[in-house]
Amino acid sequence: MKKLIAALSCALLAASSAALAQDKAKKEPSEKQKAQQERMKNWNAKMGDKKGDERKTAMSSCLKGEEPGASDKQKAQQQKMTDCNKQAADKKVKGDERKAFMSSCLKG
């Protein structure tokens, strides 16, 4: 009986340590989250004294993936890329066909 209790205790201990290891792994930010955090850090540094609506607009741009200080031409290209991606997704284009579609879409 003592051996059975000892074996069960060891099994529970092993299971709980495995569960704790999984929880720690889940708390580590993904590469995408790390990139987002880095982008937010860069935006905060560039925004300086901006407050209120101006800051909200800038942070919104950051969360959309725009680069700080992006020119109008760059913003237009980013918007065009977003639109072309949406069109390709709507048409369910894949592989080489998608590459060709994106190329022609971005060229206009």
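All of these numbers come straight from a predicted model, not from anything done at the bench. Positions are given from 1 along the sequence.
Other residues, nucleotides and ligands contribute more than 12 heavy atoms inside 6.0 Å of the NZ atom of Lys34.
A donor-acceptor pair is defined here as one N or O able to donate and one able to accept, closer than 3.5 Å; no such pair exists between the side chain of Ser103 and the backbone of Lys99.
For Gln37, there are no side chain to side chain donor-acceptor pair (under 3.5 Å) partners at least two apart in sequence or on another chain.
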Using residues 84-98 as the side-chain source, report each donor-acceptor pair under 3.5 Å to any protein atom, sequence neighbours left out, with the distance given to one decimal.
{"residue": "Asn85", "atom": "OD1", "partner": "Arg98", "partner atom": "NH2", "Å": "2.8"}
{"residue": "Asn85", "atom": "ND2", "partner": "Met81", "partner atom": "O", "Å": "3.4"}
{"residue": "Lys86", "atom": "NZ", "partner": "Asp90", "partner atom": "OD2", "Å": "3.3"}

